[in-house]
Amino acid sequence: MALDPAIGPDAGSGVVIGSDQGSGGAWEGGRHAPAVGPWRLAMRRMRRNRVALAFLGLFILIVVVCVLAPVYSHDIAQIGPNQNNITGQVKVGGQEKDVVAVDGTPIGPTFTSHYFLGADTNGRDLAVRLLYGGRTSLLIGGVATVIIIVLGTLFGLLSGYLRGVADGILRPLMELIWSFPPVILGVVVGTALALGGLGPIKGNSVFIPAFIIGVIYSPYLGKPIRGEILRLREQDFVDAARAQGMGPMRIMFTEVLPNAASTIIVFIPLMLAQALLLEAYLSFLGAGVQAPNASWGTLIADGLNYIETTPTFCLIPGIMLVLTVLSVNVFGDGLRDALDPRAQVRIKT
Amino acid sequence: MAERLLEVAELEVSFATEDGLVRAVDGVSFALHRGEVVAIVGESGSGKSVTVMTLMGLTRGVNSRFGGSARLGDRELVTASEAELERVRGAEIAMIFQDPISSLSPVMRIGDQIVEQIRAHEKVSKGAAMDRAVELMERVGIPRARDRARNYPHEFSGGMRQRVMIALALSLSPSVLIADEPTTALDVTIQAQILQEVKQLSQESSSGVIFVTHDLGVVADIADRVIVMYAGQVVEQGTLEEIFYDPQHPYTWGLLGSVTRMDRPPPRRLPAIPGLPPSLTDPPEGCHFAPRCPLRFDRCHELPPLQARVPGVAGHLDRCWLQAGDKRDRREVEGQIGLATEAVA
Amino acid sequence: MARFAVRRALSALALLFATSVVVFGAFEVIPSYNPAQAIAGRNATPTTVAEVSRKFGFDKPVYTQYVNTMKLVFTGKVIDYQDDLNVVDQFRKRFPVTLSLVLPAGILWFGMAVVLGSVSAMRAGRLTDRVVMVAAIVGVSIPVVLLAALLLYFFAYKLTWFPNTGYHGLSNPVQWAYHLILPWIALAVLNIGFYSRVLRSGLLDMANQDFVRTARAKGLSRGQVFRRHMLRNSLMPIITMFGLDFATAIGGAALITEAVFNLPGIGQYEASSIGNLDVPPILVGAILTAFFVVLFGALIDILYGLLDPRIRLTG
C-alpha cells in the first residue's frame, strides 16, 4: 500500500531532503554523501522531472508565439488586431468571399494567411486577435504576479517579523481582502477603475486589471509567508544575527528572507495560474480588459455569443488559456516537489 | 533453554529511493526466547528500527524490498499476507514507540484508543473492552484510570503517555513486545520508572522483549542479550556479560568506550569513533566498518567478514577479520575498553 | 462559548463596516459617476436630474449619503437605481435560485473531492492516482466560463441531453434538477480539482505520522486506520476551504456560472448591477457575502473544536 509510512520520520520511501536540513528530512545513511546544497538538489530533481520540463517548454512556446503577434499581424495576416473589415472580401480556394456576410455572419476559419481562424462580426481577424489577446493576458498575468510577489512578501515579512503595529495593520487588511471572493472584489474595483482610471493610468489600460489582480491575490501569498516568517524568526540563526547587533531590517532581508525564498518560489507559478484565470473572469464580466483591446478572457466572452453556431470562437481562445494555465500548473507542481521540504513521496517505478 | 518465540534469519530490507537502493537491513539474524530481553544497539541509521518494524510489516510499501525470513512460531512474517499481519500486529507482536507525544492520536480519547485495539482482535462489547482498558491503565500505574480514560493525549504528561503506550502494547498479552527507544523522549527520572515497568510487566506475562536503543546505560539495566548493529548488519551479538566484558568487534569497543562511567576515572577526553557511518546506497566493499576502523588491514577492504562464533563461546557471534587473541590485546585504551583512535593518522 | 460569540460578532461587525465603506468608496472615485443622471434617464433635463439628485440625497456630502444608504439597507427599504426595485426583495426572490445552484454543487464538489482525494492517496503512485491527479490538474486549469461553454455546447446544443439555460422552481423537482445539472458540474469541477489535490497531499503527510503507525501496529485494518485516524485529521484543511468557498458562493461568487447559464440568482443580479454602476445592490451583495463569510467561519471553528479536542474556541 502506498500509504504505508516509511520508517519513522527520517527514513523514507520519499527520501525527503529539503532546504531545511535541521527539521530532519535526510535519510541518515545519506548524510555524509558529498555535501549537496538544497538548491542544487532541487535543480537535480527538477531536471529529472521530464513532464514538468515539457510543460515549461510548452509555456515558453506559448509566450514566444504571443510575443511575436505583431510579426504575424504585419507580415502574414496583414491586418491589425483592432482593424474592422466589415465590407471587405477574402480569397478562399480561388473564390472571393465576404468577410462578414450581408446577414452579419462572419466568415469561419479559412486556414489561409488571411483570416486563418475566421473573423468576428466586425470583420477583425481572429487569429491576430488571439495572439494579441494572449499577449495581453500574459502581460497582465505576469505584471500581476510580480505585484503579488512583491506585495505578498512585504506584507508577510513586515507583519511576521516586526509584529506589533505592522502586524496590527497589515493582518486585518490581508484578512479583509482574503475573505472576499476575488471575482466579486475584482469586478467591483475593476468596473470602478475602468471608468475612473487610477492616477496617471487611464481606465482602459491593461495595467488596471493587472494591478487589481495583484492586490487581490497578495494576501494569498502574504498569509503563508507570514506564517513561515513567524516560524523562522524563532530560529537560532536569527537570534545569532540579533546577538551580533544586526538591525531588524538587515536581519529581515539578509537572514529571514533568503530562508523563505523556496516558499515564495513555489508560489510563483501558482499565483501566475490564478492571475491568468482571474483576468479571464474579469474580462468576461466586462471589468478587465476594455474594448477594443482583446485578451483571451474577452475573446471567450465574445465567442460565447456564437457558441451555438461557431463554437471555435469561444473554444480556441479557451483552449489557449487552458493550455497556458495547465502548463504553469504542471510546472508549478514539479517545482513544489523539487523545493518543498515536505514534498510528497516520489516513487520510482 | 526457554521456548524460542521468534527467529530472524538473513533478513534484508531495502528501499528504492531517488538516490538508489538503500540497503537498510542487510542479512540480520537473531532469535528471541520467552522471558528474555534482547537489546538491539546501534547508531541512528544502523537499521535497528527498520529491523523491528519489518517484523510487524510496518516497512511495507511500494518502494521497499524484502529478503530472508522472520518466523514467529510457525508463521513467516516477511511473506505473510496483509490480513495475516493485521492479526499478528498488536495481538502477538506489540510495539512501544519512541515518541509517546506523537504516537497517540490527538483527537481520540485514551480509553477509546485502547478499546480500539482490543476490539480489533477480540469480539467483545465496548463496555467490556473499556473495563479491560481501565484495568490495563491501572496496571501500568495510571492513577484514577476510570476518569483518565476519558481524557485526550494532550491532557497527559510525557511519562503518563508512555505508560498509556505500554498499556496499549500489553492489552492483548503479546508474546513479543518490541520497545523502540521507549525512553529517549522522556525525562531522565521518568526513564528509570518506565524501564522498570517494561521489565516487570514483560516478566509477569513471560513474553520476549526486543529493546531497541542507542543508550548503553539502558542496555546494562535491562538486557539479557545484546545485538550490536552497524550499517544494516549485525556486527556482534552475545549475552550482556559477553558484550560488556569481552567485546569482540572494534565497533563495539568504540561504543563502549564512548560511554562515560561513574565508577572509573574520567578519560582525558570523551573518545568518539572517527568518521561517519557509510552510505547505505553505496556501502564500502568488504567490512562496512573498515573505513572507520583503526585496526583495518587489506583483507577488510576486500571481503566482507562473515558472522563467526567466538571460539569456545556458543552464543557469542561477531563479524570481524581480526584473530580473537589479537582483539583481546588491542581493545584496551588507558586501562579500559575502547577504540584507540590515534592509530588512524 | 459566550466570549467566542461576542468576539466573533464584533469582528463580523468590523468586517461588514469595512466592506460597506470600501464598496461605497470605490464608486465615489469615478469622475463620470452620476447616479442621478442614471435614474432620471438619458433624455432628462438638467432640472429633472437636479430634482432626482435632491430626492435621493446625491447632493449631500459622501458620509451623509453613506449613512442614509446604510439606514435604508438595514430597514429593508433600499431601492436600486436601474429599475426602482426594492433591493432586499430582489435578493430574497433570487436567493433560492443561488442556493439551488450552490448547495447541491457544494455537496457534489466536497463529496467527489473526498472520494477522489482518498482513492488517489490510497493508490499513490499507481495508475488510478495518476489518472485522478491528471484530471484534477486539468480541472483546476479550466476557467469556469470555458467549462460552462463546453458543457453547453456538447450537452445542450450537440447532444441536446440537457436544456441550454434557464431556471425551474423547486415545485417541479425533476425539471429543477434537469435544468441545474450542467451548472452544478460547471461550478463543482474547479473545486473538486483543488480540494482533491489538497486532501491527497494531506493524507500522504498523515501516512507518515507516528500515531497512524501506532494505529497500524495495533492491528487495525487498512480501512479502519484510514477512516478513524487518517481521514478525520486530513479533512480539516478542506473543511476550512469549503467554509469560505461555500459562503462566498451563496453570497454571489457563483456569478459566472449564473451568467453563462442564465440563472436569475443573486450573482447575476450583482453582475448586472456592477455593469450599471448601481451601488445599492452591490452594497447589499457585499454585505451579504461578508455576513456569510463570518457566519461560516464561526461554524467551521466550532466544527474544528468538535473534531480536535486540543482546540478551544477563543474567537
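Small disclaimer: the values here were computed from a predicted structure and weren't measured. Here is the naming used below: chain letters follow the sequence lines, and residue numbers restart at 1 for every chain.
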Indicate every side-chain donor-acceptor pair of residues 134-144 of chain C with a distance under 3.5 Å to a residue at least two apart or in another chain.
residue, atom, partner, partner atom, Å
Ser141(C), OG, Asn329(A), ND2, 2.9
Ser141(C), OG, Ile137(C), O, 2.7

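Pro309(C) and Pro106(B) get closest at one heavy-atom pair: CG-O, 3.4 Å. Smallest separation of non-hydrogen atoms from Ala120(B) and Gly219(C): CB-O, 4.1 Å.
Using a 4.5 Å cut-off between heavy atoms, Leu168(B) touches chain C through its side chain atoms alone.
Annotation: maximal heavy-atom pairing with chain C below 4.5 Å, among Val107(B), Leu172(B), Leu104(B), occurs at Val107(B).
In Phe66(B), the CZ atom is crowded: over 12 heavy atoms of neighbouring residues, nucleotides or ligands sit closer than 6.0 Å.
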What are the sub-3.5 Å donor-acceptor pairs between chain C and chain B, distances to 0.1 Å?
residue, atom, partner, partner atom, Å
Asp210(C), OD2, Ser102(B), OG, 2.6
Phe211(C), N, Ser102(B), O, 3.0
Thr214(C), OG1, Ser103(B), O, 2.6
Ala217(C), O, Gly90(B), N, 3.0
Lys218(C), O, His121(B), NE2, 2.8
Lys218(C), NZ, Gln113(B), O, 2.7
Lys218(C), NZ, Glu116(B), OE1, 2.8
Arg228(C), NH1, Glu116(B), OE2, 2.9
His229(C), NE2, Glu116(B), OE1, 2.9
His229(C), NE2, Glu116(B), OE2, 3.0
Arg232(C), NH2, Val107(B), O, 3.4

